[in-house]
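Step one of this worksheet: look at the structure below.
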Amino acid sequence: KQRQQEERYKQEQERREEQQKLKEREERYKQEQERREQKEKQREREERLKQEITKLDAKRVLLQMPQGLKPQATQIAQNVEEAGATAFISSDPCYGACDIAFTEAEGLGVDLVVHFGHAKMVKEGKIPALYIEAHAQIIVEEALRQAVPLLNGYGKIGLTTSIQHIETLNQAEKFLT
C-alpha cells in the first residue's frame, strides 16, 4: 500500500512538472508573440513618420520625446534621415502632450515637430506636429498580485491609465476579475 501511495505521489509530481513546463512554454510563446506585435507596431510608426515627412516635404524635423524614449532617439533620427530630412533631437525634458516644443522648433527653423509618447492634445501651432504614441511594454500581473491584498474590502475598483499603459488595461481587468 505504501508503494502504491509513493507511486501515485510520484505520478502526481510528474503531472505537476509537465503542467508547469507546458505553462512556461505557453508563456514564452505569448511573450514572443507580443515581441513580434511590438516590432510590427514599431515598423508601422516608422512608416507613418516617413510618410508624414514626405507628405509635408519637411526638410528639418525636431524629435521630442520623454526621457524614457530618448535612448531610441538616434534610431528615430536615422528614420527621419532615410526620409530625406535633417533630424534634430530635443534634449529638453518633455512633460506630456501639452508640452510641445514649438518655441524650440521655431528657433531651429524646422518644418515638423514629431512628438513621441503621447496622444494629441493641443491644436497645431505655426509648425505642424505629428504625435506618435508610445506604449510601455510591461507585464502588470506581479504589481497586481501585490496590490490585491490592499484592495480587499472594496466592492468595485475603477481602472484608469495614461496612453502609455493603455494596452495593459485589459491585462489588469482580466487579472482582477
(request) Rounded to the nearest 0.5 Å, what's the gap from CG on L144 to CG on L176? Could you check? (result) 5.0 Å

(request) Walk me through it: do L130 and V113 pass the test side chain to side chain contact (heavy atoms under 4.5 Å, CB included)? (result) CA-CA 6 Å; L130 172 64; V113 175; over 6 Å; no

(request) Could you verify whether a donor N or O on one side chain and an acceptor N or O on the other, from Q5 and R8, lie under 3.5 Å apart? (result) no

(message) Within the structure provided, determine whether V114 and Y131 are in side-chain contact (heavy-atom separation under 4.5 Å).
(response) no

(request) For salt bridge (Lys or Arg N to Asp or Glu O under 4.0 Å), just list the numbers for E6 and R3, CA-CA rounded to whole Å, side-chain angles, deciding distance to a tenth of an Å, and then say yes or no. (result) CA-CA 5 Å; E6 288 173 358; R3 240 187 211 157; 6.0 Å; no

(request) Would you check if F116 and I76 make a side-chain contact, meaning some heavy-atom pair closer than 4.5 Å? (result) yes

(message) Check this for me: does any side-chain nitrogen of one of E24 and K21 sit under 4.0 Å from a carboxylate oxygen of the other?
(response) no

(message) Distance check, rounded to the nearest 0.5 Å: Q51 atom CD versus L56 atom CG?
(response) 11.5 Å

(request) Not counting sequence neighbours, which residues clear side chain to side chain contact (heavy atoms under 4.5 Å, CB included) with Q31? List them please. (result) E27, R35, I139

(message) I'd like to know whether E40 forms a side chain to side chain contact (heavy atoms under 4.5 Å, CB included) with E37, so could you lay out the CA-CA distance, the side-chain angles of the two residues, the decisive distance to 0.1 Å, and finally the verdict.
(response) CA-CA 5 Å; E40 181 59 30; E37 289 172 8; 5.6 Å; no

(message) I'd like to know whether K41 forms a salt bridge (Lys or Arg N to Asp or Glu O under 4.0 Å) with E44, so could you lay out the CA-CA distance, the side-chain angles of the two residues, the decisive distance to 0.1 Å, and finally the verdict.
(response) CA-CA 5 Å; K41 287 178 184 179; E44 289 172 6; over 6 Å; no

(request) Kindly indicate, with the supporting measurements, whether the criterion side chain to side chain contact (heavy atoms under 4.5 Å, CB included) is fulfilled by E14 and E18. (result) CA-CA 6 Å; E14 289 173 354; E18 284 300 314; 5.6 Å; no

(request) Spell out, yes or no, whether I157 and L150 are grouped together once hydrophobic residues are joined by side-chain heavy atoms under 4.5 Å, including indirect joins. (result) no

(request) Taking all non-hydrogen atoms of both residues into account, name the closest pair between V140 and A172 and its distance. (result) CG2-N, 4.1 Å

(request) Kindly compute the distance separating CG (L151) from CD (Q146), expressed to the nearest 0.5 Å. (result) 12.0 Å

(request) Measure across E104 and S90 and return the closest heavy-atom pair with its distance rounded to 0.1 Å. (result) OE1-OG, 2.8 Å

(request) To the nearest 0.5 Å, tell me how far T103 OG1 sits from K126 NZ. (result) 9.0 Å

(message) Any side-chain to backbone donor/acceptor pair from Q64 onto H115? Under 3.5 Å, distance only.
(response) no

(message) Just so I know, are the side chains of I53 and L112 near enough to count as touching, which here means a heavy-atom distance under 4.5 Å?
(response) yes

(message) Rounded at 0.5 Å granularity, tell me how far NZ in K59 sits from CG in D57.
(response) 4.0 Å

(message) Applying salt bridge (Lys or Arg N to Asp or Glu O under 4.0 Å) to K30 and E26, what does each step give before you reach the verdict?
(response) CA-CA 6 Å; K30 181 180 172 184; E26 288 173 350; over 6 Å; no

(message) If we ignore hydrogens and angles and just use 3.5 Å, is the side chain of R60 paired with the main-chain N or O of A87 as donor and acceptor?
(response) no

(request) Could you go through the side-chain hydrogen bond (donor to acceptor under 3.5 Å, both in side chains) check for K39 and Q42 one step at a time? (result) CA-CA 5 Å; K39 284 182 181 181; Q42 179 65 29; over 6 Å; no

(message) With a 4.5 Å cut-off on side-chain heavy atoms, are E173 and L169 touching?
(response) no

(message) For residues 78-92, which residue pairs pass the salt bridge (Lys or Arg N to Asp or Glu O under 4.0 Å) check, not counting sequence neighbours?
(response) K50-E82

(request) With salt bridge (Lys or Arg N to Asp or Glu O under 4.0 Å) as the test, would you mind laying out the steps for E142 and R145 before giving the verdict? (result) CA-CA 5 Å; E142 183 54 37; R145 261 189 214 93; 3.3 Å; yes

(request) Check whether any side-chain heavy atom of F88 lies under 4.5 Å from a side-chain heavy atom of V61, and answer yes or no. (result) no

(request) Measure the CG-CG distance between L63 and L49 for me, rounded to the nearest 0.5 Å. (result) 7.0 Å

